[in-house]
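Following: one structure in structure tokens, then a few remarks.
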There are 2 protein chains.
Amino acid sequence: MARNAVTRSRARFRRETPEDRRRQLGEAALRCIVKHGNAGVSVRQIAAEAGVTQGLITHHFGEINELVAYAFDIMSDGVLQAITRAVEEAEPAPQKRLDAFIEASFSPILFDRDVLGVWVVFWGLILHSPRMSVSQQGEYSDYVTTVQGLIGDLAAAEGFSIGDIRLTSVAFTALLDGLWLAWCLNPSAFKPQEGVQLCRNWIEGLRRGAYA
Amino acid sequence: MARNAVTRSRARFRRETPEDRRRQLGEAALRCIVKHGNAGVSVRQIAAEAGVTQGLITHHFGEINELVAYAFDIMSDGVLQAITRAVEEAEPAPQKRLDAFIEASFSPILFDRDVLGVWVVFWGLILHSPRMSVSQQGEYSDYVTTVQGLIGDLAAAEGFSIGDIRLTSVAFTALLDGLWLAWCLNPSAFKPQEGVQLCRNWIEGLRRGAYA
DNA sequence: ACACTTGTTATACGATCTTATAATTTCTGT
DNA sequence: ACAGAAATTATAAGATCGTATAACAAGTGT
């Protein structure tokens, strides 16, 4: 026991399961991107941020692009989960669920300059990384599907019609992404609560048959 | 004359005015970004693309960030000019002008993966470069103002009301940016003409008083 | 024809980058 | 207690990066 304690205190590094270590490295990568943007995507910086040596990244991910893609997946999952949770916690009426979705999108958990900044960096990488592109397509598809479900339920409950619901969902997703981007690049452009209002206005247009 | 010809053919480099050279370097930078994304932003690559040595970039721009910011300005001006020209060539009725704006936004001149790809890279840089941020804020402001003029004229001509026209213009701009981004990351998400339709639907919502 | 200005090249230096390889250490199973 | 597996470190090699400096050369004015 004493032996154990001494041994552990003398340990020069902790041995962790591949899953844990991969996640630690992924989260360190996200922190680096928050701090330095594209410049933060570097084996050395990420390893330092995670408190390990560079070789560990090679060992667990092979090449750095794989780590970045993994970090992107962590990020995507986090966002979708946060939104989904907010929706599930809302009252079951379609109006309430959709509004919870909107509110969550502009709540500090997601509508945060650090979060959005990471997102923007990823967007810039996706175009030239097939691996990232694959992740993005899956994530985007899930996202639009979620939006489509919410909007479809609302239309069914209130009895208005939508011409092409998938396309319409793409538009609403684009509005959200566009507002995220605009605010991220220039937070003085509008206030979060104004973003919520603009989304509600968009829904109001939907109700009034502008997309029929 | 013969002397002149010989001399010119033997010339090892062309001496150009600072303005011309700056523009050449800026355009070379844009081509590098098209080809390699963030990775294309490099003194060596850009100099090679422009067919000059690295020192020229230092000479004309001091540091590379200044060149990148200059390339961003070229890009912004080009986009705004192309759109403005399309609007000016349209019939003077507000409906026609706004529709020309939308059509131009999704025409191959602007709705092009190369063009949008450059845009996305710049977005990623703006967050961590004060110099880029300054350019972006000016460009964004001009853009929203243009949108605001078009929408305001339409509202006046058709007699519908808008609550906060600046904010509403921000939303329309966000919708455009969001659609650009989505299509750029994943061109199979929708067709350009569908993008036009979605913008027209948004305008229809405006007409029906969703933003009053 | 010649000197001067300055655009341009040539070269070098130090920092940082990715990746590969071998040595080390921790932990687990027996 | 000890051996073996695998996580981790340590180290190195070769590219590429940004920037500074000095030499060179093209065009201009006289």
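Proteins come first, then strands; the chains are lettered A, B, ... in the order of their sequence lines, and each starts at number 1. Below, each value reflects all heavy atoms present in this structure, side chains not excepted, and no hydrogens, waters or symmetry copies.
Remark: P of C:dT26 and CG of A:Asp20 are 19 Å apart, rounded to the nearest angstrom. If you take CD of B:Glu19 and C1' of C:dG7, they are 14 Å apart, rounded to a whole angstrom. In this entry the distance linking CG of B:Leu25 with C1' of C:dT8 reads 11 Å, nearest Å. Between the CD1 atom of A:Ile46 and the C1' atom of C:dC17 there is a distance of 12 Å, rounded to whole Å. One atom, CZ of A:Phe61, and another, P of C:dA20, lie 16 Å apart when rounded to the nearest Å. If you take CZ of B:Arg44 and P of C:dC17, they are 16 Å apart, rounded to a whole angstrom.
In this structure, a donor-acceptor pair under 3.5 Å is present between the side chains of B:Ser135 and B:Asp73. In summary, the side chains of B:Asn201 and B:Gln197 do present a donor paired with an acceptor at a separation below 3.5 Å, with no hydrogens or angles considered.
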Could you pull out the protein-nucleic contacts involving nucleotides 4-11 of chain D (nitrogen or oxygen on both sides, under 3.5 Å)?
{"from": "D:dA6", "atom 1": "O4'", "to": "A:Arg15", "atom 2": "NH2", "distance (Å)": "3.4"}
{"from": "D:dA6", "atom 1": "N3", "to": "A:Arg15", "atom 2": "NH1", "distance (Å)": "3.1"}
{"from": "D:dA6", "atom 1": "N3", "to": "A:Arg15", "atom 2": "NH2", "distance (Å)": "2.9"}
{"from": "D:dA7", "atom 1": "OP2", "to": "A:His59", "atom 2": "NE2", "distance (Å)": "3.3"}
{"from": "D:dT8", "atom 1": "OP1", "to": "A:Arg14", "atom 2": "O", "distance (Å)": "3.1"}
{"from": "D:dT8", "atom 1": "OP1", "to": "A:Glu16", "atom 2": "N", "distance (Å)": "2.8"}
{"from": "D:dT8", "atom 1": "OP1", "to": "A:Arg21", "atom 2": "NE", "distance (Å)": "3.0"}
{"from": "D:dT8", "atom 1": "OP1", "to": "A:Arg21", "atom 2": "NH2", "distance (Å)": "2.8"}
{"from": "D:dT8", "atom 1": "OP2", "to": "A:Arg21", "atom 2": "NE", "distance (Å)": "3.4"}
{"from": "D:dT8", "atom 1": "OP2", "to": "A:His60", "atom 2": "NE2", "distance (Å)": "2.8"}
{"from": "D:dT9", "atom 1": "OP2", "to": "A:Thr53", "atom 2": "N", "distance (Å)": "3.1"}
{"from": "D:dT9", "atom 1": "OP2", "to": "A:Thr53", "atom 2": "OG1", "distance (Å)": "2.8"}
{"from": "D:dT9", "atom 1": "O5'", "to": "A:Thr53", "atom 2": "OG1", "distance (Å)": "3.3"}

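For A:Gln148, there are no side chain to side chain donor-acceptor pair (under 3.5 Å) partners two or more places apart in sequence or in a different chain.
Remark: side-chain polar atoms of A:Ser129 are not paired, donor with acceptor, to backbone N or O of A:Leu125 under 3.5 angstrom. Distance alone, capped at 3.5 Å, places no donor-acceptor pair between the A:His60 side chain and the A:Gly55 backbone.
For residues 78-88 of chain A, the pairs satisfying salt bridge (charged side-chain N to carboxylate O under 4.0 Å, His left out) are A:Glu88-A:Arg97, with sequence neighbours left out.
Here A:Ile64 lies in heavy-atom contact (under 4.0 Å) with sugar-phosphate atoms only.
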